[in-house]
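Numbering of ligands and ligand atoms starts at 1, following listing order.
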Amino acid sequence: MIVDRTRVAIVGAGPAGLLLSHLLAEAGIESIVVDARSRAEIETTIRAGILEQGTVEVLDGIGGSRARTVGHRHDGIELRFAGEGHRIDFPALVDRSVWLYPQHEALKDLIAARLAAGQDLRFSTTVEGVHDIEAQPRITGADENGAPFEIRADFVVGGDGSRSVVRRAVAGRRETGSFREYPFAWFGVLCDAPPSASELIYSNSADGFALISQRSDTVQRMYFQCDPNTDPDALSEAEIWETLQRRVPGTRLAEGPIFQRDVLRFRSFVAGELRRGRAALVGDAAHTVPPTGAKGMNLAVADVLLLGDALRRLLVEGDERGIDAYAERALRRIWKAQHFSWWMTSMLHAAPGSDAFDRQRQLGELRSVTESEAGRRYLAEAYTGWPLER
Ligand code: PHB
């Protein structure tokens, strides 16, 4: 058994774990980051792509971020319903923007920067146990060769995603939390085609939601609402294009070969405990949001800024107050993001079984938002991101 010792053992080399290792290093705190996935898998898994301005600024501070060069600044989104488009102009409303920059590209930048800085970063390393989190925590598992390892630390952080191993240890005997499942999913496609629009279109149509997003000048990302049990391979390309075209009336979508398709189920979740003793959760290990609000990675970054500062106070200054306040402070933003994601989802999708009243009420809601400057500003404030705290 190989036994290592570090100050903070970070489980998960996603945006949360990698950013945390950077913030800790800046504060002179050593950490080891482990992830069950290979580097190639992390760098190629397709995730969402909207970064709040605050997230882009945090990534700028790490060095090597291509968010502003390879990514694209978006100064607005369009809400489309009842045959009309309504632009939400972010700079005019809140003097902020967002960046379309796929998460796996941000991860390539983060991994390169952390390795260049000498970070101990271990891929294909599976954590099976999280022990003694009340006092002297340890993680155990199997390394990239399948050999058992143990890492002893002063603190363990779970940035290990929605199926978090660390979450089970933090929850103790019984996992608790707040959970909401939605009666629909998104059918997502990646295709070789030029952009159909210069900004994202969130379209509420009578037969369901669609989102027109982009990836580059030659690759596009689009989604449409579907039943959660849909088999991604059951639809022909012609059927996919027919559904997308019908749901974005007023725009002729540029079609092209579809080279990836997936069905994304919708969930909202907040873990009952974000911290216990010498262990804490960040990012998807702590919460899940439906993708409609584009909050996933941004919320992970916000958690990490709070936790990074709390760990600095704890491990450098011996001050417990930051870590004691972590869960309560993080939860304020988490629940605002939960609300925003739920609200965008419910406002834009057609719920199965909804009737004429529901449909007209939803159009009334969309009009109250888009026809009011206060309404547009409320949406812009949330979409571009509330101020980040440390
Ligand atoms: C995406 O481009 O994948 C994307 C953009 C905005 C969302 C969700 C996904 O709200």
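- Salt bridge annotation for R87-E78: absent, with no cationic side-chain nitrogen under 4.0 angstrom from a carboxylate oxygen.
- A285 pairs by the side-chain contact (heavy atoms from CB on, under 4.5 Å) definition with D160, S164, L281, not counting sequence neighbours.
- When heavy-atom distances to ligand 1 are checked against 4.0 Å, the residues falling inside are A48, G49, I50, W186, L200, Y202, L211, S213, R215, R221, Y223, P291, T292, A294, ordered by chain and number.
- A salt bridge does not link E239 with R246: none of the charged nitrogens is closer than 4.0 Å to a carboxylate oxygen.
- Residues passing the side-chain contact (heavy atoms from CB on, under 4.5 Å) test with A169 are V130, I133, sequence neighbours excluded.
- Summarising the geometry, atom CG belonging to D75 is positioned 13.5 Å from atom CD1 belonging to I88; distances are rounded to the nearest 0.5 Å.
- Take E175 and apply the salt bridge (charged side-chain N to carboxylate O under 4.0 Å, His left out) test, not counting sequence neighbours, and it matches R167.
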